[in-house]
Amino acid sequence: MNDNEFEQFVSDNGKDILRFCRIISCDKEMGDELYQDTMLKLLEKCKKLDCEQNVKSYALSVSVLLWKNQKKKYANRSRLVQVDSINRLESEGVLDIKDEASPGPEDYIMNESEKVTIQKVVAGLPEKYRIPIQMYYSANMSVSEIARIVRIPEGTVKSRMNKARTLLKKELEALGYD
Amino acid sequence: MTDEKLDQILKQALTPEIDDSEIQIRRKARYKHMSVKKVVAAGLVACAALSVGLVGVKSGLFKDKGKDNNIVEKVSNSFVVTAYASEGKEITFEKGKFIPFYDVVEGYVNSFAVSVTEDDENDEIDFSLELPTFKCSGDNIEKITYAVENGTLEKFKYDPETGTTTYFCENGELILQKIIDDKLELFKYDPETDTETKIDDLNVLKNLSKYEVSYNKQELEENARIQIQSSVTKTDDLEQKLFKYNSYDDIIAGHNELLKDLALIVTVTYKDGTTESQTITFNEIYMSNEELGIERDEDYVSIPEWLGEGRNILTVKVE
């Protein structure tokens with residue numbers, strides 16, 4: 001992949017990758033940092049990358065690895081990972097969702113705070129369910145692409161996504177969504 | 001809730017708008033990580049590929065820094081300390097000379113790291129320095145002790161496959177740190193029985209003042225890392241250099257202020273009970289891309305531009 005091809009790759013896929021980085025990091029600044037680190041890694045290997053291959057998948061797998069590494073370093077440093085639980089978010093009023101009269105799916109438009117809340121609910125999923133969901137929605141990846149990135153069979157990706165949806169439904173319904 | 005509605009909710013929540021300007025790649029001020037990522041000049045590679053680092057004292061008188069005034073003097077052929085860099089690569093050091101200590105293997109770029117964090121409450125600047133483990137070579141060595149002056153250390157192994165970090169504790173215990181469902185979990189590991197026992201006290205991981213390794217079990221250390229931790233009093237000047245720098249001079253002066261009192265003391269205990277020590281100190285220098293043998297891509301944009309002209313490189317010296 002030469003410089004022009006890399007530039008084109010960033011133009012075509014940068015938004016999906018940055019969006020995924022922000023979603024997986026649950027933080028805009030950390031997500032931006034992760035995106036930059038991912039792209040710098042790609043730049044280092046730019047000459048070896050073949051634009052005929054799925055570079056986007058490779059980039060996302062780099063993002064996941066870097067994110068896990070960051071998480072580990074953060075855990076090392078702080079000795080304790082702060083994990084927002086639904087209960088705590090709820091008790092602190094962060095999860096301030098939904099009244100009884102929610103609009104129907106066809107006209108339902110979320111506001112920004114609701115989006116953040118949903119992102120936190122998704123972030124509360126176990127990692128094996130969360131990453132496929134985040135890749136599917138945020139990075140616009142297909143099931144088969146996700147399977148290649150996380151190196152599990154497509155059927156497993158599907159079942160994990162179904163399980164994730166079931167868990168999310170349960171959480172969201174508990175918060176007042178119906 | 002229907003599947004369609006959930007799908008719609010997730011689509012909206014997980015696809016925030018991204019502006020075109022946000023996807024631009026910038027070369028950042030990466031004071032947290034020092035690394036050489038590209039081609040290393042042939043001479044430096046040759047140097048790095050040589051086994052056995054920290055080639056010590058040719059011969060001479062050594063004084064034990066041991067306890068209880070039990071100072072032992074020993075005339076010997078000295079011992080040699082080697083730094084594991086990565087995958088069989090090692091770096092050669094010379095006594096009295098600062099030698100650049102950088103990664104020579106792709107994929108090891110984040111392993112030598114200096115991280116600087118402010119602690120406003122204590123008005124101090126904490127920092128950590130991650131290094132590979134060392135090993136020693138010599139005759140009749142029973143064990144080796146590593147200790148840090150003006151700091152503490154941790155020794156651990158990280159398994160990227162499982163995400164498990166194994167900590168080597170001062171009392172010889174092994175503690176496994178795992179992140180399970182986004183929660184930090186600790187387990188005491190008994191290698192004899194291969195059993196893990198969950199630990200509820202997350203503060204069990206204590207920094208080490210020193211650690212010992214049996215001479216004939218050093219190969220087990222190869223993939224381990226040590227992290228030296230220390231802190232200095234925060235001053236406006238140091239803060240300026242570390243966080244609001246305007247040049248490599250600022251960055252390096254700041255880092256060297258952090259490193260100036262830090263030392264790793266390597267002490268070997270021979271089978272006859274005598275000991276011998278070497279002191280390793282750290283310093284950072286500037287090296288241009290040319291000196292490092294880095295071929296800079298002309299289209300590669302650095303912000304600010306001077307950051308792309310070279311690197312701040314950690315060096316190590318045997319005193």
Side-chain angles (χ1 to χ4, degrees), chain A residues 3 10-11 14-19 22-23 32-33 35-37 39-41 43-46 65-66 68-69 71-73 75-77 79-81 83 104-106 108-110 114-119 121-127 130 133-134 136-138 140 165 168-169 172-173 177-178, chain B residues 1-20 22-28 30 32-33 37-38 106-107 109-110 113 115 117 126 128 130 154 156 158 160 163-165 167 177-186 202-205 227 229 297-300:
Chain A
D3 292 344
V10 174
S11 175
K15 288 186 179 180
D16 281 346
I17 296 168
L18 175 56
R19 191 180 294 116
R22 284 181 181 173
I23 291 290
D32 289 353
E33 184 82 4
Y35 171 77
Q36 292 293 332
D37 286 345
M39 288 308 190
L40 288 174
K41 280 279 182 198
L43 265 174
E44 285 170 26
K45 298 178 183 295
C46 187
L65 284 172
L66 289 174
K68 286 183 175 177
N69 194 35
K71 197 167 67 165
K72 169 244 167 189
K73 279 180 182 291
N76 281 346
R77 196 163 295 136
R79 292 282 164 268
L80 182 63
V81 178
V83 182
E106 66 285 350
Y108 182 69
I109 305 295
M110 302 172 77
E114 277 184 295
K115 287 180 183 176
V116 171
T117 302
I118 301 296
Q119 287 167 14
V121 173
V122 173
L125 287 172
E127 189 175 303
R130 173 162 42 91
I133 285 286
Q134 290 172 327
Y136 184 81
Y137 287 102
S138 302
N140 201 23
R165 288 193 176 101
L168 288 171
K169 270 187 194 177
L172 294 176
E173 284 169 357
Y177 285 90
D178 53 17
Chain B
M1 180 185 292
T2 63
D3 288 344
E4 291 74 21
K5 181 169 180 182
L6 176 66
D7 193 55
Q8 189 195 29
I9 287 172
L10 293 175
K11 272 181 185 162
Q12 287 187 55
L14 300 181
T15 53
E17 287 297 315
I18 305 281
D19 189 79
D20 286 342
E22 294 181 292
I23 61 172
Q24 288 178 359
I25 303 168
R26 57 186 190 280
R27 177 81 171 275
K28 300 166 291 180
R30 298 173 66 81
K32 287 185 177 178
H33 301 290
K37 298 173 181 171
K38 294 197 174 180
E106 198 172 19
V109 291
N110 290 324
S115 64
T117 53
D126 304 318
S128 62
E130 193 171 314
E154 289 176 348
F156 58 89
Y158 178 64
T164 300
T165 305
Y167 283 90
Q177 175 183 288
K178 302 179 179 183
I179 296 175
I180 301 172
D181 293 344
D182 269 353
K183 289 181 184 169
L184 189 71
E185 305 273 9
L186 298 178
L202 294 180
N203 295 316
V204 70
L205 292 179
Q227 183 164 277
Q229 296 166 330
D297 190 336
E298 289 180 358
D299 297 330
Y300 208 52

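All values below were derived from every heavy atom in this structure, side-chain atoms included, with hydrogens, water molecules and symmetry-related copies excluded.
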Fill in the blank from the handout: Of all heavy-atom pairs linking A:Leu18 and B:Glu22, the shortest is CD2-O, 3.5 Å

Fill in the blank from the handout: Okay, B:Asp20 and chain A: the region with an atom under 4.5 Å from a heavy atom over there is both

Exercise for the section: Please report the closest heavy-atom contact between A:Gln36 and B:Gln24, naming both atoms and the distance. Expected result: NE2-O, 2.9 Å

Exercise for the section: Specify the closest pair of heavy atoms between B:Thr15 and A:Arg19, including all atoms of both residues, with the distance to one decimal. Expected result: CA-CD, 3.3 Å

Practice task
Can you tell which part of A:Val122 gets under 4.5 Å to a heavy atom of chain B, answering side chain, backbone, both or neither?
Solution key: side chain

Exercise for the section: Could you please spell out the steps behind the side-chain contact (heavy atoms from CB on, under 4.5 Å) verdict for B:Ile18 and A:Arg22? Expected result: CA-CA 10 Å; B:Ile18 305 281; A:Arg22 284 181 181 173; 3.5 Å; yes

Exercise for the section: Taking atom OH of A:Tyr137 as the centre, report whether more than 12 heavy atoms of other residues, nucleotides or ligands fall under 6.0 Å from it. Expected result: yes

Practice task
Taking all heavy atoms of A:Tyr35 and all of B:Ile23, pick out the closest pair and write down the distance.
Solution key: OH-O, 2.6 Å

Completion exercise
Note: A:Glu173 and B:Met1 closest approach over all heavy atoms is OE2-N, 2.7 Å

Exercise for the section: Looking only at non-hydrogen atoms, find the nearest pair between A:Gln119 and B:Leu14 and report the distance. Expected result: CG-CD2, 4.0 Å

